[in-house]
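Remarks on the structure that follows.
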Number of protein chains: 2
Amino acid sequence: MPVAQLQSLQCSDCPIRHRAVCARCEADELEALNVIKYYRSFQAGQPVIWSGDQMNFVGSVVSGIATLTQTMEDGRTQMVGLLLPSDFVGRPGRSGAAYNVVATTDVVMCCFRKKPFEELMARTPHIAHRLLEMTLDELDAAREWMLVLGRKTAREKIASLLLILARRDVSLGADERIGGALSFDLKLTREAMADYLGLTLETVSRQISALKKAGVIILEGKRHVIVPDMRRLIEEAGDDSDGGLVG
Amino acid sequence: MPVAQLQSLQCSDCPIRHRAVCARCEADELEALNVIKYYRSFQAGQPVIWSGDQMNFVGSVVSGIATLTQTMEDGRTQMVGLLLPSDFVGRPGRSGAAYNVVATTDVVMCCFRKKPFEELMARTPHIAHRLLEMTLDELDAAREWMLVLGRKTAREKIASLLLILARRDVSLGADERIGGALSFDLKLTREAMADYLGLTLETVSRQISALKKAGVIILEGKRHVIVPDMRRLIEEAGDDSDGGLVG
DNA sequence: TGTCATCCTTGACACAGATCAACCCGAGGT
DNA sequence: ACCTCGGGTTGATCTGTGTCAAGGATGACA
């Protein structure tokens, strides 16, 4: 999840900086983007669908969390992606095995209408190039997650997820650090975490308790996590790549 | 795995048709591509690395199988991608968590030198667009695989893998059909399958035996698989999307 | 204040798949 | 003919996680 390295982009009226479409000439593109964008909000639990037009290109999360999930007929579901503020999403369900995009909390998205966006892409090749880079990054992240799903223990899975969430909050500046400790809000239910990790919610609960008892994390309430020592958490995750967060 | 729908592209001297870079003006691009390409072969077990230059862009498998794998310090490995003939690969290890590309059998690849390839991309925007589409397809495939890894049983996993391999062979015309039955060669060891599915090789062996006993598949030797009824296999995979292969 | 719903925790037990171990089979090599 | 070695099968047992079930905490609402 090399999110921290991404260029970012500030819309005229969004409260956050989006992951960038254009790495080179931000100012120019911004002006163009501000013209063709509009906002939509979704309630928690609501599927994220662009009005009518099959959601043909791209939107960016401004606030809230949306998830990409796949479901089998018998109800088993697997989350395949997490859309946190600043993430882009586009073209779900285009090919064979469609996944669903659902708002997990209340969500506001900044959307770009398909046609003008594509015209913009055609005019400015480096935007297309940047989009390719972003997609390749997502592919890397998905493949990294395959290791988590296929080979890690429940405890390692939980630690890996906490690590990802912590890093995201850090890269958005939404974290708090007090004397080396890092704390952040867990915005997912135990069930959502279970769906992401390929576990049951009971196992998630147990492993979080275990990490708490081991002193790797401290819980305030059920949703606020304090990580006294990032290195401990990284170790629990069985992760070698530290994402440049320790220093 | 919407491979069958992809445009394909015949090099001047490759025996196979590659998944297309250019969907629109094949002839022109072919000429350009034939100029800047060269071949490399790799022995089974050998890591696939472009001579010196960090493998900065793209190569396509002509024959053999290469795999993308991720490994933890303690040796646990998870395969995150399978490169079959006609697949493209590019930019491994660029971002944080690098995966390894290894030739699983002897492999011949058709490579495009980084610089001329990128120039070609810049000149012809629809090639860049096509590359984006291909990457999005890979992302979809990776996400589909996350469902397999996270939520399917061992038996379903095996069936899913067989299904993918069967479909790939069909789309390359490498299958044989006799009276509705479909047969193909399994080019992976039990261990490779296990790494792909997040299982142990023993479990793979057992589940293959189980599918054999149940009559879902027939084995000739250890590596040749006959599927008498594709529908049975799809059912075992717990898969709703039939990939357009049944009819 | 009580009721209800949602989210979470914890315990007891079952079972799928991992682990450990023995053995089989076919292909080279000498 | 014999040996060796990689790949594959099968059995016995162990264990991590799922399943089922009961109950706790918190907040919304009447």
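Numbers restart at 1 for each chain; the letters A, B, ... are given by sequence-line order, proteins then strands. Atom set for the values below is all heavy atoms of this structure, side chains included, hydrogens, waters and symmetry mates excluded.
Distance A:Gln207 CD to C:dT9 C1': 13 Å, rounded to the nearest Å. One can place CG of B:Leu197 at 10 Å from P of C:dA18, the figure rounded to the nearest angstrom. In this structure, CG of B:Asp195 is placed 14 Å from C1' of C:dA18, rounded to the nearest angstrom.
A:Arg168 and A:Asp87 are joined by a salt bridge, as a carboxylate oxygen and a charged side-chain nitrogen come within less than 4.0 angstrom of each other. Ion pairing between a basic and an acidic side chain is recognised when a charged N comes within 4.0 Å of a carboxylate O; B:Lys187 and B:Asp169 show such pairing. Taking the charged nitrogens against the carboxylate oxygens, A:Lys157 and A:Glu236 have no contact shorter than 4.0 Å, which rules out a salt bridge. Between A:Asp229 and A:Arg231, at least one side-chain nitrogen of the basic residue sits less than 4.0 Å from a carboxylate oxygen of the acidic one, meeting the salt-bridge criterion.
B:Ser160 and B:Lys152 share a donor-acceptor pair across their side chains, judged by distance under 3.5 Å alone.
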Below 3.5 Å between N/O atoms, which protein atoms pair up with nucleotides 5-12 of chain D? Just atom names and distances, please.
residue	atom	partner	partner atom	Å
D:dG8	OP1	B:Arg223	NE	2.8
D:dG8	OP1	B:Arg223	NH2	3.3
D:dG8	OP2	B:Arg190	N	2.8
D:dT9	OP1	B:Arg190	NH2	3.3
D:dT9	OP2	B:Arg190	NE	2.7
D:dT9	OP2	B:Arg190	NH2	3.4
D:dT9	OP2	B:Ser205	OG	2.8
D:dT9	O5'	B:Ser205	OG	3.3
D:dT10	OP2	B:Ser209	OG	2.9
D:dG11	N7	B:Arg206	NH1	2.9
D:dG11	O6	B:Arg206	NH2	3.3
D:dA12	N6	B:Arg206	NH2	3.4

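Listed by residue number, there are no residues of residues 149-161 of chain B with a heavy-atom contact under 4.0 Å to DNA chain D.
Looking at heavy atoms from C-beta onward, A:Thr71 lies in side-chain contact with A:Asn100 at the 4.5 angstrom threshold.
Here the OG1-CD distance, from A:Thr77 to A:Gln70, works out to 10.0 Å after rounding to the nearest 0.5 Å.
In this structure a side-chain-to-backbone donor-acceptor pair under 3.5 Å is missing from B:Arg76 to A:Gly150.
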